[in-house]
Amino acid sequence: MSKQTKTHIKKDVALNVFLNVVLNAGISWMLLKGGETLIWGGDKGFVGDLLATAFLMPFIVTLIMIAVQRKKVRAGKRDAVALNTGAPLMSLLARFPRSLFKNGLLFGGAGMLILAPITLLGLWIVGVETFSPGTYSVFKGLWAGVIAGILVPMMILVGLRQGK
């Protein structure tokens, strides 16, 4: 992978992390401000919100990121990337489907089935039982930024990969 491609990925990841922190914290605050304390489950629970966000955010970002990267490759603004390097992650990404929707399902599924449970396990281990609306908004924004930092580089590589 060229130095230019690596720089492109770093720039796009940084922008996505920033946007996801700001948007998720802001939306959460607008929906929760002045509300009651959030608990683990029920109508005022944060578990369902985290699971939904862990699926929807990567799903939506995937639809945007892969489409944008493919367009850049078609327009000659970015070089296509060979993902058959023998590295396990690259080999896995090379097997992702060409369907934008299916990729969205895969990344959304990874968020909901891997990243959200790890987060919830961590919250449980450290003894978090409730969140105030403000604290939750900050947490959710930072958490969304971490998810973007983990998944967006892979989305970009899937979008830039060689082939049709």
Side-chain angles (χ1 to χ4, degrees), residues 1-32 46 49-123 126 131 134-163:
M1 188 176 336
S2 72
K3 183 178 178 181
Q4 182 183 20
T5 299
K6 289 178 184 177
T7 301
H8 165 68
I9 292 171
K10 288 178 186 176
K11 179 183 155 212
D12 274 12
V13 169
L15 177 62
N16 269 276
V17 166
F18 174 77
L19 288 173
N20 276 290
V21 168
V22 171
L23 288 173
N24 279 280
I27 291 168
S28 182
W29 176 245
M30 294 304 293
L31 293 173
L32 298 173
F46 59 83
D49 181 62
L50 288 179
L51 289 169
T53 302
F55 177 79
L56 289 172
M57 188 197 84
F59 180 82
I60 293 166
V61 173
T62 297
L63 298 179
I64 296 166
M65 288 306 300
I66 292 178
V68 167
Q69 302 310 313
R70 287 177 178 171
K71 184 176 179 181
K72 288 178 182 180
V73 170
R74 281 193 307 272
K77 294 180 180 180
R78 291 281 165 239
D79 293 331
V81 175
L83 297 181
N84 55 355
T85 64
L89 179 60
M90 295 293 223
S91 180
L92 175 67
L93 294 175
R95 293 187 196 125
F96 269 47
R98 293 291 169 188
S99 165
L100 197 53
F101 182 77
K102 288 179 183 176
N103 280 300
L105 292 176
L106 286 171
F107 281 110
M112 187 174 79
L113 299 174
I114 299 169
L115 300 175
I118 290 169
T119 301
L120 293 168
L121 178 62
L123 291 171
V126 299
F131 278 107
T135 303
Y136 183 72
S137 296
V138 171
F139 169 78
K140 187 172 176 185
L142 294 173
W143 175 73
V146 169
I147 290 177
I150 293 169
L151 295 179
V152 168
M154 293 182 271
M155 293 172 191
I156 293 170
L157 288 170
V158 170
L160 292 176
R161 71 180 159 173
Q162 290 176 338

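Sequence positions, counted from 1, serve as the residue numbers for this chain.
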Note to self: Suppose the criterion is ring pair (Phe, Tyr, Trp, His ring centres under 6.0 Å): which pairs have a residue in residues 49-89, not counting sequence neighbours?
What the structure shows: F55-F59, F59-F101
Donor-acceptor pairs are to be reported for all side-chain atoms of residues 137-152 against protein atoms at under 3.5 Å, with residues two or more places apart or in another chain.
residue	atom	partner	partner atom	Å
S137	OG	S28	OG	3.3
S137	OG	W29	N	3.1
S137	OG	P133	O	2.9
K140	NZ	D49	OD1	3.1
K140	NZ	D49	OD2	2.9
K140	NZ	T53	OG1	3.1
W143	NE1	T119	OG1	2.7

Check: Nearest heavy-atom pair of T62 and L100: which atoms, and what distance?
Finding: O-CD1, 4.0 Å
Notebook entry, point to check: So which of K77, K3, R78 actually passes side-chain hydrogen bond (donor to acceptor under 3.5 Å, both in side chains) with H8?
Noted result: R78
Note to self: What's the separation between atom CG in L120 and atom CG in L115, rounded to the nearest 0.5 Å?
What the structure shows: 11.0 Å
Next item on the list: To the nearest 0.5 angstrom, please state how far the CG atom of N24 sits from the CG atom of L56.
Entry: 10.5 Å
Item checked: Side-chain (N103) to main-chain (P97) donor-acceptor, under 3.5 angstrom -> yes
Next item on the list: Would you please name every residue forming a salt bridge (Lys or Arg N to Asp or Glu O under 4.0 Å) with D79, sequence neighbours left out?
Entry: none
Next item on the list: Fit a plane to each ring of F131 and F46, take the angle between them on a 0 to 90° scale, and name the class: parallel (under 30°), tilted (30 to 60°) or perpendicular (over 60°).
Entry: perpendicular
Check: How many angstroms lie between CG in L157 and CD1 in I9, if you round to the nearest 0.5 Å?
Finding: 4.5 Å
Margin query: Distance check, rounded to the nearest 0.5 Å: I27 atom CD1 versus L32 atom CG?
Written below: 11.5 Å
Notebook entry, point to check: For the residue pair M155 and P58, what are the closest heavy atoms and their distance?
Noted result: CE-O, 3.6 Å
Item checked: Pairs where residues 144-155 contributes a residue and the test side chain to side chain donor-acceptor pair (under 3.5 Å) is met, not counting sequence neighbours -> none
Check: With side chains defined as the heavy atoms from C-beta onward, is the minimum distance between M90 and R161 less than 4.5 Å?
Finding: no
What donor-acceptor contacts under 3.5 angstrom involve side-chain atoms of residues 11-20, with partners at least two apart or in another chain?
residue	atom	partner	partner atom	Å
D12	OD2	Q69	NE2	3.1
N16	ND2	D12	O	2.9
N20	ND2	N16	O	2.9

Next item on the list: Output all residues satisfying ring pair (Phe, Tyr, Trp, His ring centres under 6.0 Å) with F107, sequence neighbours left out; order by chain, then residue number.
Entry: F96
